[in-house]
Amino acid sequence: MKSEIAALVRSALESLAEQGVLAADAVRDPVVERARDPAHDDFATNAAMVNSKAAGMKPRELAERLVAALPASPLIAETGIAGPGFINFRLAQDAHLAVVSQVLAQGEAYGRSDIGAGRRVQVEFVSANPTGPLHVGHGRGAAYGSVVADLLAAVGFEVHREYYVNDAGRQMDILATSVWLRYLELAGEELVFPSNGYKGDYVWDIAATLHRDHGDAYRHGADEVFAGIPADEPAGGDKEAHIDALIGRAKQLLGEPRYRFVFELGLNVILDDIRDDLEKFGVVYDQWYSERALVESGAVNKCIERLREAGHLYEKGGAWWFRSTGFGDEKDRVVVRDNGQTTYFASDIAYQLDKIERGFERVIDVWGADHHGYVPRVKAALQALGDDPDRLDVLLVQFAVLYEGGHKMQMSTRSGQFVTLRELRKDVGRDAARFFYIMRKCEQHLDFDLDLARSQSNDNPVHYVQYAHARICSVFRQAAEKGIDAGLSEGNSNLEHLSEEHEQALLKSIARYPEVVQSAAMNEEPHQLTHFLRDLANELHTYYNAHQFLVDDAALRDARLKLISATRQVLANGLGLIGISAPETM
RNA sequence: GCGCCCGUAGCUCAGCUGGAUAGAGUACCGCCCUCCGAAGGCGGGGGUCACAGGUUCGAAUCCUGUCGGGCGCGCCA
């Protein structure tokens with residue numbers, strides 16, 4: 001509807017330009033928006049105000065000329081000029097009512113569009129290191145990323161969802177070594193676990209699997225393992241040197257095949273767990289992209305070569321540095337360490353490059369806000385390689401803090417004391433978890449109120465929205481029990497009986513839904529949808545409280561049932577888009 | 001110290017990319033309840049949009065600075 005009005009306004013501007021009232025090249029695109037205040041009719045445009053200068057006349061004067069130049073349309077009942085020069089439009093009643101039959105005819109498709117025109121977009125999100133289970137911080141990125149992807153798909157983009165698996169790097173070696181050391185403990189060796197190792201219970205579980213299936217096949221004496229290893233931090237040494245030496249020792253004592261086996265076991269168990277966890281959270285990927293495969297394919301080295309040939313690398317202190325400062329980064333970055341190993345950053349350049357070479361027009365990365373300092377160097381690398389850094393859009397998601405009983409829940413990753421996504425999901429349920437995660441825009445810190453999320457009351461926004469849906473379902477069940485014919489009539493018939501204020505409000509909200517989906521998708525702001533759904537649910541509930549639907553007057557009843565049926569459809573569509581169920585009963 | 005994000009009602013947050021009298025929920029204060037489906041419904045008070053300048057017809061929104069909070073500044077990932 002909004003786009004139809006905008007077309008009328010543009011047409012008026014064009015005809016004034018033809019008449020020479022406006023300089024054609026100076027015409028500014030006007031904004032058409034829904035009026036917040038019903039006194040300002042349904043839609044308003046600032047076309048006269050933004051172009052008054054180009055026309056050399058006062059806004060209200062230009063507004064009059066524009067109104068006169070508007071093409072006739074059956075949609076518009078009335079136009080007016082108000083305030084500093086707004087042009088207001090009041091829709092014809094028929095245009096208001098038509099949305100009901102439109103929703104009922106389109107069903108699940110209502111709200112979807114094709115403005116993306118099939119353009120290919122890649123969305124990478126979560127991509128947490130497979131060194132342990134996902135925690136509640138990852139949950140926000142998972143919910144946010146998946147909804148952004150779904151929204152883009154809903155407006156016609158071809159979306160590719162991807163998880164980048166950091167299965168190559170030092171952190172994975174630390175995990176493998178942690179598993180092995182726990183295994184040694186289970187096998188009866190006495191040792192002091194490294195302070196920098198992974199201490200979570202899941203490491204014990206993996207170690208236990210290894211011990212159960214392979215007995216002492218991987219056992220070496222603790223004396224042998226720790227012989228000549230530099231001291232750990234608690235013993236006055238350096239924890240990084242300590243763990244690195246242990247990794248080296250593990251590789252040496254186990255040999256390549258056995259070390260690899262422990263490594264793979266840890267990786268696979270955790271990755272399976274993450275995959276399962278996300279799936280139950282309603283998050284599915286088109287691809288799990290392995291960093292190791294990227295390294296082994298030679299893509300990383302090729303990428304480094306390209307940078308070297310283009311003169312963007314230099315050697316210093318035995319390491320190879322990328323001159324990212326030449327592209328706006330704060331400092332230069334190492335891509336090849338003095339020990340010959342490529343850095344995580346080097347893999348990431350290759351990965352980002354690979355994405356663009358795969359032909360995605362847009363690449364969206366969802367990262368935790370603590371990685372924000374990383375953005376300039378990645379963009380710098382893309383630019384250095386001759387690609388447009390603007391094709392990569394990094395969305396930074398701020399932290400989520402859990403509150404219970406009005407108190408912040410303290411978490412620390414180091415000690416392994418964190419709430420996992422799985423625990424949260426089992427606690428408050430998938431629907432509430434998803435809704436709460438996306439309720440706030442991503443750059444806003446999220447206070448996650450566990451008590452509220454668990455609550456089965458109307459204070460809980462998820463419950464409130466779902467209840468609206470269930471309530472409508474209940475009306476139809478009630479009709480069946482009472483033997484009332486709730487079969488809906490075709491088209492727009494009877495809708496003219498919808499004259500109550502509550503009904504007008506619902507009609508407008510339902511009509512607004514496609515605009516909300518579009519705006520939420522294009523701005524990557526899922527919270528627009530949760531806010532909309534809350535408002536729509538509220539309108540349904542107040543309507544419900546104020547009026548009886550199953551009235552004796554068959555025509556009125558039909559009109560009202562059609563309206564709430566359309567409302568139910570929009571609620572279901574909206575909830576579906578954010579991955580939340582639309583229950584028929586609570 | 002430098003960089004990024006945030007600062008709107010007591011609290012949690014919207015504010016559609018510069019528009020009309022800044023809105024919800026919750027909390028608070030009044031009335032009304034037993035109604036298709038309980039866990040309620042209706043109404044009300046509450047604001048120097050952190051602060052100071054600037055840009056223009058017009059600023060919560062854009063620019064600069066100050067203050068306050070969060071995060072980041074590794075040959076870690």
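Values below: all heavy atoms of this structure, side chains included; hydrogens, waters and symmetry mates excluded. Model, not experiment: these values are computed from the prediction. So you know, we letter chains A, B, ... as the sequences are listed, proteins then strands, and number each from 1.
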Exercise. Is any side-chain N or O of A:H445 under 3.5 Å from a base N or O of B:rC6, one able to act as donor and the other as acceptor?
Worked result: no

For this session: Go through the N and O atoms of the side chain of A:H371 and the base of B:rG72, and report whether any donor-acceptor pair is under 3.5 Å.
Result: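 Checked by distance alone, the answer is no.
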
In whole Å, what is the span from the [atom1] atom of [X] to the [atom2] atom of [N]?
X	N	atom1	atom2	result
A:Y543	B:rC35	OH	C1'	16 Å
A:D447	B:rU26	CG	C1'	14 Å
A:H138	B:rA77	NE2	C1'	11 Å
A:N545	B:rU34	CG	P	13 Å
A:D535	B:rC16	CG	P	14 Å
A:D459	B:rA24	CG	P	17 Å
A:M586	B:rA39	CE	P	13 Å
A:H541	B:rG25	NE2	C1'	13 Å

Check: [X] side chain, [Y] main-chain N or O, donor-acceptor pair, under 3.5 Å:
X	Y	result
A:D232	A:S195	yes
A:N458	A:Y464	no
A:D167	A:E291	yes

Does [N] have its OP1 or OP2 closer than 4.0 Å to a side-chain nitrogen or oxygen of [X]?
X	N	answer
A:R471	B:rA38	yes
A:H531	B:rC16	no
A:K441	B:rC6	no
A:K331	B:rG3	no
A:R337	B:rA77	yes
A:Q478	B:rG37	yes

For this session: Taking side-chain hydrogen bond (donor to acceptor under 3.5 Å, both in side chains) as the test, write out the residues that go with A:R333, two or more places apart.
Result: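 Residues passing side-chain hydrogen bond (donor to acceptor under 3.5 Å, both in side chains) with A:R333: A:D329.
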
In whole Å, measure the gap between the [atom1] atoms of [N] and [M] for me.
N	M	atom1	value
B:rG43	B:rA39	C1'	22 Å
B:rU55	B:rU64	P	15 Å
B:rG44	B:rC6	P	34 Å
B:rG18	B:rG58	C1'	8 Å
B:rG53	B:rG40	P	48 Å
B:rU8	B:rA24	C1'	13 Å
B:rC35	B:rG41	C1'	10 Å
B:rG3	B:rG47	P	36 Å

Problem set entry | Any donor-acceptor N or O pair under 3.5 Å, side chains A:Y403, A:D451 |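 A:Y403 vs A:D451: no donor-acceptor pair found between side chains.
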
Exercise. Between A:Q171 and A:T131, do the side chains contain an N or O donor and an N or O acceptor separated by less than 3.5 Å?
Worked result: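 Their side chains do not contain a donor-acceptor pair, so the 3.5 Å distance test is not met.
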
For this session: Report the residue (A:H547 or A:T342) whose heavy-atom-nearest nucleotide on RNA chain B is the more 5′ of the two.
Result: A:H547

Every protein N/O within reach of nucleotides 17-20 of chain B N/O, cut-off under 3.5 Å:
from, atom 1, to, atom 2, distance (Å)
B:rU17, N3, A:N523, OD1, 3.4
B:rU17, O4, A:N523, OD1, 3.2
B:rG19, N7, A:N46, ND2, 3.3
B:rA20, N6, A:N88, OD1, 2.9
B:rA20, N1, A:N88, OD1, 3.4
B:rA20, N1, A:N88, ND2, 3.3
B:rA20, N3, A:H40, NE2, 3.4

Problem set entry | Interatomic distance, A:L506 atom CG to A:L563 atom CG [nearest 0.5 angstrom] |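 Reported to 0.5 Å precision, the distance equals 5.0 Å.
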
Between [options], which one does the side chain of [X] approach most closely?
X	options	answer
A:S519	B:rC76, B:rC71, B:rC16	B:rC16
A:F399	B:rG25, B:rC42, B:rC71	B:rC71
A:R477	B:rA24, B:rG37, B:rC71	B:rG37
A:R534	B:rA24, B:rA77, B:rC4	B:rA24

For a quick check of understanding: with a heavy-atom distance under 4.0 Å over all strands, which category does [X] fall into, base, sugar-phosphate or nothing?
X	result
A:T131	nothing
A:Q444	sugar-phosphate
A:Y374	base
A:Y467	base
A:S457	nothing
A:R333	nothing
A:N129	sugar-phosphate
A:G318	nothing

Looking at the rings of [X] and [Y], which for Trp means the six-membered one, are their centres under 6.0 Å apart?
X	Y	answer
A:Y543	A:H547	yes
A:Y163	A:F125	no
A:Y437	A:Y144	no

For this session: Report the relative orientation of the aromatic rings in A:Y314 and A:W321; use parallel for angles under 30°, tilted for 30 to 60°, perpendicular for over 60°.
Result: parallel

For this session: Have a look at B:rU21 and give me syn or anti from its glycosidic angle (syn if within 90° of zero).
Result: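 B:rU21: anti glycosidic orientation.
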
Exercise. Is B:rA38 in the syn range, within 90° of 0, or in the anti range?
Worked result: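 Syn, since the glycosidic angle lies within 90° of 0.
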
For this session: Please check if atom CD in A:E501 has more than 12 non-hydrogen atoms from other residues, nucleotides or ligands closer than 6.0 Å.
Result: no

Problem set entry | Crowding at NZ, A:K58 (>12 non-hydrogen neighbours, <6.0 Å) |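 Check fails, neighbour count at 12 or below.
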
Exercise. Want to know the stems of RNA chain B: at least 3 consecutive Watson-Crick or G-U pairs with distances under 3.5 Å, which are they?
Worked result: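 RNA chain B stems, ordered by first number: B:1-7 with B:67-73, B:10-13 with B:23-26, B:28-32 with B:40-44, B:50-54 with B:62-66.
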
